[in-house]
2 protein chains.
Amino acid sequence: MKLRIDDTSPIPIYGQIKNGIIQMIALGDFKENEKLPSVRDVAVALKVNPNTVSRAFTELSIEKIIYTKRGIGNFVKNGAEDLCKKKVYKRVLSNIDQELDILKKAGFDKKAIEKIINDMRSK
Amino acid sequence: MKLRIDDTSPIPIYGQIKNGIIQMIALGDFKENEKLPSVRDVAVALKVNPNTVSRAFTELSIEKIIYTKRGIGNFVKNGAEDLCKKKVYKRVLSNIDQELDILKKAGFDKKAIEKIINDMRSK
DNA sequence: TATACTGTGTTAGTTAAATAGAACACTAAT
DNA sequence: ATTAGTGTTCTATTTAACTAACACAGTATA
């Protein structure tokens, strides 16, 4: 299980779980119609309450990314991979854009920003 | 007052206010020993509780970025500009780094990432 | 075929944190 | 003393997360 929780993050745990699963589906770690790990298993793995995991799954279900069979498990929906790829890409770009804006406002010019990006890419 | 609150952000309001003021000091919008806008004025401007603003100021005070004169106001500390520049730079880089990591894990190669950055910079 | 068992998702009640509303407390000027 | 401007505290509400118990589905077995 790739998923990790960052206790210092302001993003609520159920949100981090949602994002993590969306990323994993985007990446093909969970294929369409594949069963996800159970609420309890995820809860144990992340040392988190089943309730919290259940909330993440419920919201993913509302967003039509997974579907739930009560008493059986949660499964990836058809078309979820593309949907998740779009979601991840959109969120990441929006976040990077926002951060670059801050650098721009703070007076870093294009060259400085370019250097920063290069430094990070080479790590 | 440049500061804006994002109601959809998971970052608590007092945290957004803290970050915003740190950015403004870094940018020179508030000079050292200059008086910041009052708790109430900020609260009204942001449509937020004075309490919430007070908390942000208290924490900035603990972090030695501003100092408080009760009954008078809050003021920027000596040396705050440099300190804030460092903080902003560090936070932004850490955030960008994290986002680029997600792109990398999602299978975007260096060229794709480079293109993304260029597209954003040119906007 | 009835019953119990195991694995699954879900609900109820509690605690802690963020925010709001209202009132309090300090400072300076008149 | 009174007033206007300031930061602060008290109390209540809402949301996230936890603990514990509940409810459903499939399977084994008596």
Side-chain angles (χ1 to χ4, degrees), chain A residues 1 3-22 24-25 30 33-77 80, chain B residues 1 3-22 24-25 30 33-77 80:
Chain A
M1 187 65 169
L3 198 48
R4 293 284 175 280
I5 296 304
D6 175 4
D7 289 320
T8 71
S9 168
I11 301 173
I13 297 174
Y14 75 85
Q16 294 187 46
I17 296 172
K18 273 180 66 181
N19 290 341
I21 289 177
I22 288 172
M24 284 193 283
I25 293 175
F30 298 120
N33 295 303
E34 185 177 337
K35 184 178 170 304
L36 296 169
S38 77
V39 166
R40 270 178 189 69
D41 284 351
V42 176
V44 169
L46 302 182
K47 292 173 186 160
V48 143
N49 202 278
N51 218 341
T52 306
V53 180
S54 181
R55 174 162 183 185
F57 281 12
T58 302
E59 294 200 3
L60 288 170
S61 177
I62 290 170
E63 293 175 27
K64 302 189 189 311
I65 291 166
I66 67 177
Y67 57 93
T68 301
K69 289 186 187 171
R70 185 170 181 158
I72 302 182
N74 289 280
F75 302 81
V76 180
K77 264 200 145 180
Chain B
M1 189 66 170
L3 199 47
R4 292 286 175 279
I5 297 303
D6 176 3
D7 290 320
T8 71
S9 168
I11 301 173
I13 295 174
Y14 75 87
Q16 294 187 46
I17 295 172
K18 276 180 64 179
N19 290 341
I21 289 177
I22 288 173
M24 284 192 284
I25 293 174
F30 298 120
N33 295 303
E34 184 178 337
K35 184 177 171 303
L36 296 169
S38 77
V39 166
R40 271 178 189 67
D41 285 352
V42 176
V44 169
L46 302 182
K47 292 174 187 163
V48 144
N49 202 278
N51 218 340
T52 305
V53 180
S54 181
R55 173 160 184 187
F57 282 12
T58 302
E59 295 199 4
L60 288 169
S61 177
I62 291 171
E63 292 174 28
K64 302 188 191 311
I65 292 166
I66 66 178
Y67 57 93
T68 301
K69 289 187 187 171
R70 184 169 180 159
I72 302 181
N74 289 280
F75 303 83
V76 179
K77 265 201 143 179

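Below, all heavy atoms of this structure are taken into account, side chains as well, without hydrogens, waters or symmetry copies. The sequence lines fix the lettering, A, B, ..., with proteins before strands; numbering per chain opens at 1.
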(message) With nearest nucleotide decided by heavy atoms, which residue, A:Asp41 or B:Ile11, maps closer to the 5′ end of DNA chain C?
(response) A:Asp41
(request) Using heavy atoms to find the nearest nucleotide of DNA chain C for B:Lys47 and B:Arg40 separately, return the residue whose nucleotide is more 5′. (result)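 Its nearest nucleotide lies further toward 5', so the answer is B:Lys47.
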Minimum heavy-atom separation for [X] and [Y], please, with both atom names.
X       : Y       : result
B:Gly73 : B:Lys35 : CA-CE, 4.1 Å
B:Tyr14 : B:Ala56 : O-CB, 3.5 Å
B:Val53 : B:Val48 : CG2-CG1, 4.1 Å
A:Phe57 : A:Ile21 : CE1-CD1, 3.1 Å
A:Ile11 : A:Gly15 : CG2-C, 4.1 Å

(message) I want to confirm an ordering. Mapping A:Thr52 and B:Thr68 to their closest nucleotides on DNA chain D, which one lands closer to the 5' end?
(response)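 That would be B:Thr68.
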(message) On DNA chain D, does the nearest nucleotide to A:Pro50 precede the nearest nucleotide to A:Gly71 from the 5' side, or the other way round? Give the residue.
(response) A:Pro50
Please report, rounded to the nearest Å, how far the [atom2] atom of [N] is from the [atom1] atom of [X].
X       : N      : atom1 : atom2 : value
A:Glu59 : D:dA17 : CD    : P     : 10 Å
B:Asn49 : D:dT14 : CG    : C1'   : 14 Å
B:Arg70 : D:dG5  : CZ    : C1'   : 13 Å
B:Asn51 : D:dC10 : CG    : C1'   : 9 Å

(message) Using a 3.5 Å distance criterion without hydrogens, assess whether the side chain of A:Thr58 forms a donor-acceptor pair with backbone atoms of A:Ser54.
(response) yes
(message) Below 4.0 Å from chain A heavy atoms, what is the first contacting nucleotide of DNA chain C and what is the last?
(response)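 That gives a stretch of C:dG7 to C:dA12.
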(request) Give a yes/no answer on whether the side chain of A:Tyr14 brings an N or O atom under 4.0 Å of OP1 or OP2 in D:dA16. (result)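 For D:dA16, OP1 or OP2 has a side-chain N or O of A:Tyr14 closer than 4.0 Å.
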(message) So, does B:Asn74 get its side chain near the phosphate of D:dG7, meaning an N or O under 4.0 Å from OP1 or OP2?
(response) yes
